[in-house]
Peer 1: 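Here it is: the structure, laid out below.
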Amino acid sequence: MAKIQFSKGIDEDTVPDVRLTRSRDGKQSTATFYFQKPSVLSGNDADDITGMYMIDEEGEIVTREVKAKFINGKPEALEIFYIMNSDLEWDRFMRFMERYAEEHDLGFNKS
């Protein structure tokens, strides 16, 4: 039941490209989500974006770092940053991503 929402109660159907970076000492990590043509931008829900909510059986992870990309004045994509400042936040995020990846047939490639 891992899902992503931009407005409470409305699941996002588009599966993002996700990139992870981690500092050498592991104290700070960043997950960058890129949604190309997300469904939230196709209707009237775009005005209701209040953040990105990653929801699973453990609860909810929230980030407010949501940026829209526009081409010719029309919203085309969303870029979201989730910053983790501890091993606990990293571990929790990775548990969510494992569930989300399993449900949406995502793979993991190390650089």
Peer 1: Does Thr63 reach the main-chain N or O of Phe81 with its side chain, forming a donor-acceptor pair under 3.5 Å?
Peer 2: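 Pair found, side chain donor or acceptor close to backbone of Phe81.
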Peer 1: Which distance, rounded to the nearest 0.5 Å, do you find between the CE of Met97 and the CE of Met94?
Peer 2: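 Interatomic distance, Met97 CE to Met94 CE, rounded to 0.5 Å: 7.5 Å.
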Peer 1: To the nearest 0.5 Å, what is the distance between OG1 (Thr32) and CD (Glu65)?
Peer 2: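 With rounding to 0.5 Å, OG1 (Thr32) is 10.5 Å from CD (Glu65).
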Peer 1: Taking only residues two or more places apart in sequence, or in another chain, which ones meet Asn85 in a side chain to side chain contact (heavy atoms under 4.5 Å, CB included)?
Peer 2: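 Side chain to side chain contact (heavy atoms under 4.5 Å, CB included) list for Asn85, sorted by chain: Gln28, Ile83, Glu89.
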Peer 1: What pairs with Arg19 under salt bridge (Lys or Arg N to Asp or Glu O under 4.0 Å), at least two apart in sequence or on another chain?
Peer 2: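 Listed in chain order: Asp17.
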Peer 1: Looking at residues at least two apart in the chain, or sitting in another chain, which of them share a ring-ring contact (aromatic ring centres under 6.0 Å, His included) with Phe33?
Peer 2: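 For Phe33, no residue satisfies ring-ring contact (aromatic ring centres under 6.0 Å, His included) once neighbours in sequence are set aside.
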Peer 1: With salt bridge (Lys or Arg N to Asp or Glu O under 4.0 Å) as the rule and sequence neighbours excluded, what pairs involving residues 21-32 come up?
Peer 2: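 Passing the test, one end in residues 21-32: Arg22-Asp87.
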Peer 1: Tell me, please, which residues at least two apart from Glu60 pass salt bridge (Lys or Arg N to Asp or Glu O under 4.0 Å).
Peer 2: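 Glu60: salt bridge (Lys or Arg N to Asp or Glu O under 4.0 Å) contacts with Lys8.
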Peer 1: Test side-chain contact (heavy atoms from CB on, under 4.5 Å) on Ile4 and Tyr100 and set out the steps.
Peer 2: CA-CA 9 Å; Ile4 293 177; Tyr100 188 81; 3.7 Å; yes
Peer 1: Start with the C-alpha gap between Asp105 and Val15, add the side-chain angles, then the distance that decides, and say whether side-chain contact (heavy atoms from CB on, under 4.5 Å) holds.
Peer 2: CA-CA 9 Å; Asp105 297 323; Val15 177; over 6 Å; no
Peer 1: Can you label the angle between the Phe96 ring and the Phe93 ring as parallel, tilted or perpendicular, going by 30° and 60°?
Peer 2: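 Tilted.
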Peer 1: Please tell me if the side chains of Val66 and Phe35 come closer than 4.5 Å, counting only heavy atoms from C-beta onward.
Peer 2: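 No, every pair of side-chain atoms sits at 4.5 Å or beyond.
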Peer 1: Please write out which residues are connected to Tyr53 in a hydrophobic cluster, directly or through intermediates, given that two of Ile, Leu, Val, Met, Phe, Trp, Tyr count as joined at side-chain heavy-atom separations below 4.5 angstrom.
Peer 2: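 Same cluster as Tyr53: Met1, Ile55, Val62.
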Peer 1: Go through the steps for Phe6 and Ile80 under the test side-chain contact (heavy atoms from CB on, under 4.5 Å), then give the verdict.
Peer 2: CA-CA 11 Å; Phe6 292 105; Ile80 297 93; 3.8 Å; yes
Peer 1: Can you list the residues that meet the salt bridge (Lys or Arg N to Asp or Glu O under 4.0 Å) rule with Asp91, with sequence neighbours excluded?
Peer 2: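 Applying salt bridge (Lys or Arg N to Asp or Glu O under 4.0 Å) to Asp91 gives none.
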Peer 1: Identify, with sequence neighbours excluded, every residue that meets side chain to side chain donor-acceptor pair (under 3.5 Å) alongside Glu12.
Peer 2: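 For Glu12, the residues satisfying side chain to side chain donor-acceptor pair (under 3.5 Å) (neighbours in sequence not counted) are Thr14, Ser39.
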Peer 1: How many angstroms lie between CG in Asp13 and NZ in Lys37, if you round to the nearest 0.5 Å?
Peer 2: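 If we round to the nearest 0.5 Å, Asp13:CG and Lys37:NZ are 16.0 Å apart.
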Peer 1: Which donor-acceptor pairs under 3.5 Å do side chains of residues 69-79 form with protein atoms, sequence neighbours excluded?
Peer 2:
residue, atom, partner, partner atom, Å
Lys69, NZ, Glu79, OE1, 3.4

Peer 1: Indicate the atoms forming the closest heavy-atom contact of Gln36 with Tyr34, along with that distance.
Peer 2: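 Nearest heavy atoms, Gln36 then Tyr34: OE1-CE2, 3.3 Å.
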Peer 1: Considering residues at least two apart in sequence or located in another chain, which fulfil the salt bridge (Lys or Arg N to Asp or Glu O under 4.0 Å) criterion with Glu57?
Peer 2: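 Result, salt bridge (Lys or Arg N to Asp or Glu O under 4.0 Å) vs Glu57: Arg99.
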Peer 1: Once rounded to the nearest 0.5 Å, what's the spacing between atom OG of Ser86 and atom CZ of Arg92?
Peer 2: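 Spacing of OG (Ser86) from CZ (Arg92) equals 12.5 Å.
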